[in-house]
Amino acid sequence: MEKSNISKRKSPIKRFIKFVVNHNKMSIFTAMIMVIFITSIDLVLPMMTKNMVDKGITGKNLELLLKIIVAYSVMSVLARVLNLALGYIYATMRNRVAVKFRLKVLDHLSKLSGKFYTENKTGNLMSIVQSDIDIIENIDAELVFSIIKNSITAIISLYLMFRLQSVLFVVVVFIQILLVTTQRYFTKNIHSNVSMFRDEYGDTSNVVQEYVYNIMNVIISKSKRFFISQFIKGQRGLINKDIKIDVLMSGNMCVANIFNLMMSMAIYGYGGYMIINGDFTLGSLIAFQNYAGMLIGPCISIVNANNRIQQAKVSIERVYSILDEEPVIDEDQNMLEGLRADNIKEISVENVKFGYENDESEKKYILNNVSMKFKRGDISAIVGESGCGKSTLSKLMYRLWDVDDGSIKIDERDIRNIKLMSLRKCISVVSQEIVIFDSTIRNNISLGKKIPDDDILRVCSLAGLDDFISSLEAGLDTEIGEKGIKISGGQKQRISIARAMLCDSPIIIFDEATSALDNVSQDIIMDSIKKNLEDRIVIVIAHRLSTIKDVDKIFVMSNGKIAESGNHEELISKKGIYYKLYRNE
Ligand SMILES: Nc1ncnc2c1ncn2[C@@H]1O[C@H](COP(=O)(O)OP(=O)(O)O)[C@@H](O)[C@H]1O
Ligand SMILES: [Mg+2]
């Protein structure tokens, strides 16, 4: 994925933090106050221990000892209870952020160009939308607040340690500096390895995805071996990287723990020596040890947090690489006017040139000066050999791609000057690749909208689904399984045709929408189209010519151009390409 305009934008991390803050102002404020409160209690407790030992135990003052124990217990319990409440606030924040962030990404995905969809594999996008956002979700507010809490704790501990024993303080600080230096080395390494790991992970999950999604076809086409060998190849590299990351992370922890040990020994050694000499009290030593623990403990968790943040940083960057992908809608799109659906009279393709960029980014034009006009109330057909660019034309009208030259206009307005969402509302494409959801027949036709049964049954009968539905016990409420696995290819096509008949877009494109049906069924459906979509612009892309004999106008595509056009009789009498195609059927 290219990162466009990245220099002009703030870093992904900053933008992500801004996103989180904007959606959680109140929670952040409450959590902040609670964190400060808990931290203060934590910092006071060692001082109470010091008094407990020095004044209570060593000073043999039982009453004072009891008082301090009660106060200590109450404050500790209070801090734990507050921590519990804090956990609840973190959890709500975490879920809110994850859901909103995922929605933001999904919404953005729907606005990108066809080029983006072609170049980015589903597995990669899935791994970004799923795993990367999961990882980001995992760093959550708790981690951020623990860093704030730990930093405050560390700084105040430092001050109190200095007050208690300045020589020991210097030793402790020295060890801390060593710790921070080694930690930086690990962090850098972990970051680069995690980033490589995640990229490769996306690649192998592509293989798994294709395998699982097409499991039946994979078995039928005997291509299991191929998939498995590709999977193993990818997995090998992945395992090595994963092990390396694990070793680095454990190494990081191990070094931190060794420094912790060194620090304890220094405190007991030098502190003990001072007590023996009568220059230090036992209570002070215990308090010092506690504060030192509050220093190294938080530092170790900052190191840990850092590991997780490094991982999340990679994920945040990957997610923002999608969010930074320019949508088809550019900024001034919002200034553009929409379309009035009921006013549309014609759509015209004028001298359109278009080619897909291939890997060497040289262009081979698939459409070369194509011009045609589709009028409201007419049914037009586009025919031509497979691969000649018929589906491409419908994608250009839907603006999944933009034309390289020439223009597509709706009522004299270039579609590039129309609000994208409004343009797409006016066009329905029944495409060759049918999307079927794991839901009921009803939901697959209405797409979740509340529509009266009568209307749904009407379009079902237009699409020739009525016999099938009445044969089912649950009727419209029959579940058709993931990707419509429980229905046939023809039934899927009928569902998508019913779906199109239900919508009121003024422009409807049927892209080989009946290819899986027999001739008789095709004719019946063409008849329904003719009778029920009278006042629309209907474009039928067809492979078999027999189905489109009766349409108002036929465009014959060949070599990137419109070779012939006219109605069936005119084209037959021309004795050109159409005539030959028709005779050969
Ligand atoms: N996303 C794409 N990227 C690159 N080439 C494409 C893409 N989609 C289609 N093509 C190529 O463009 C040509 C026209 O495709 P298409 O419009 O689907 O033909 P058809 O007339 O069969 O519908 C084909 O040669 C096809 O390989
Ligand atoms: Mg096609």
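Both ligands and their constituent atoms are indexed starting at 1 by order of listing.
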What do the steps show when you test F101 against H23 for ring pair (Phe, Tyr, Trp, His ring centres under 6.0 Å), and what is the final call? CA-CA 10 Å; F101 201 52; H23 286 95; 9.4 Å; no
Which ligand 1 atoms does C388 reach within 4.0 Å, using its non-hydrogen atoms? 19 (O), 21 (O)
Any N or O on I366 sitting closer than 3.5 Å to an N or O of ligand 1? no
Kindly indicate whether atom 27 (O) of ligand 1 is approached by any protein heavy atom to under 4.0 angstrom. no
Minimum-distance protein heavy atom relative to atom 1 (N) of ligand 1: T118 OG1, 3.2 Å
So, the side chain of S505 versus the backbone of I508: is there a donor-acceptor pair under 3.5 Å, distance only? no
Does ligand 1 come near enough to K390 that some N or O of the ligand is less than 3.5 Å from an N or O of the residue? yes
Measure across M397 and I427 and return the closest heavy-atom pair with its distance rounded to 0.1 Å. O-CD1, 3.5 Å
Please check whether T392 reaches ligand 1 - meaning an N/O of the residue sits under 3.5 Å from an N/O of the ligand, judged on distance alone. yes
Got a protein heavy atom sitting under 4.0 Å from atom 13 (C) of ligand 1? yes
Proximal ligand 1 atoms for S386, defined as those under 4.0 Å from one of its heavy atoms: 22 (O)
Which residue and heavy atom of the protein sit nearest atom 25 (O) of ligand 1, plus the separation: G387 O, 3.8 Å
Below 4.0 Å from any atom of ligand 1, is there a heavy atom belonging to W401? yes
Just need the protein heavy atom nearest to atom 18 (O) of ligand 1, so name the residue and atom and give the distance. S391 CB, 3.6 Å
With no hydrogens and no angle check, is any side-chain donor or acceptor of R424 less than 3.5 Å from a backbone partner on Y398? yes
Heteroatom N/O/S of S391 within less than 2.8 Å of the Mg ion (ligand 2): yes
Six-ring centre of Y365, K353 cation under 6.0 angstrom, axis tolerance 45°: yes
Does the shortest distance from the Mg ion (ligand 2) to an N/O/S atom of Q432 fall below 2.8 Å? yes
Should the ring pair Y356 and F354 be called parallel, tilted or perpendicular, given that the plane angle runs from 0 to 90° and is split at 30 and 60? perpendicular
If we only count heavy atoms from C-beta on, is the Y201 to L238 side-chain gap below 4.5 Å? yes
Is it the case that over 12 heavy atoms from other parts of the model lie below 6.0 angstrom from the NZ atom of K574? yes
The protein heavy atom nearest to atom 5 (N) of ligand 1 is Y356 CD1, 3.2 Å
Name all pairs fulfilling the salt bridge (charged side-chain N to carboxylate O under 4.0 Å, His left out) condition that reach into residues 436-446, sequence neighbours left out, sorted by first residue then second. R442-D453, R442-D477
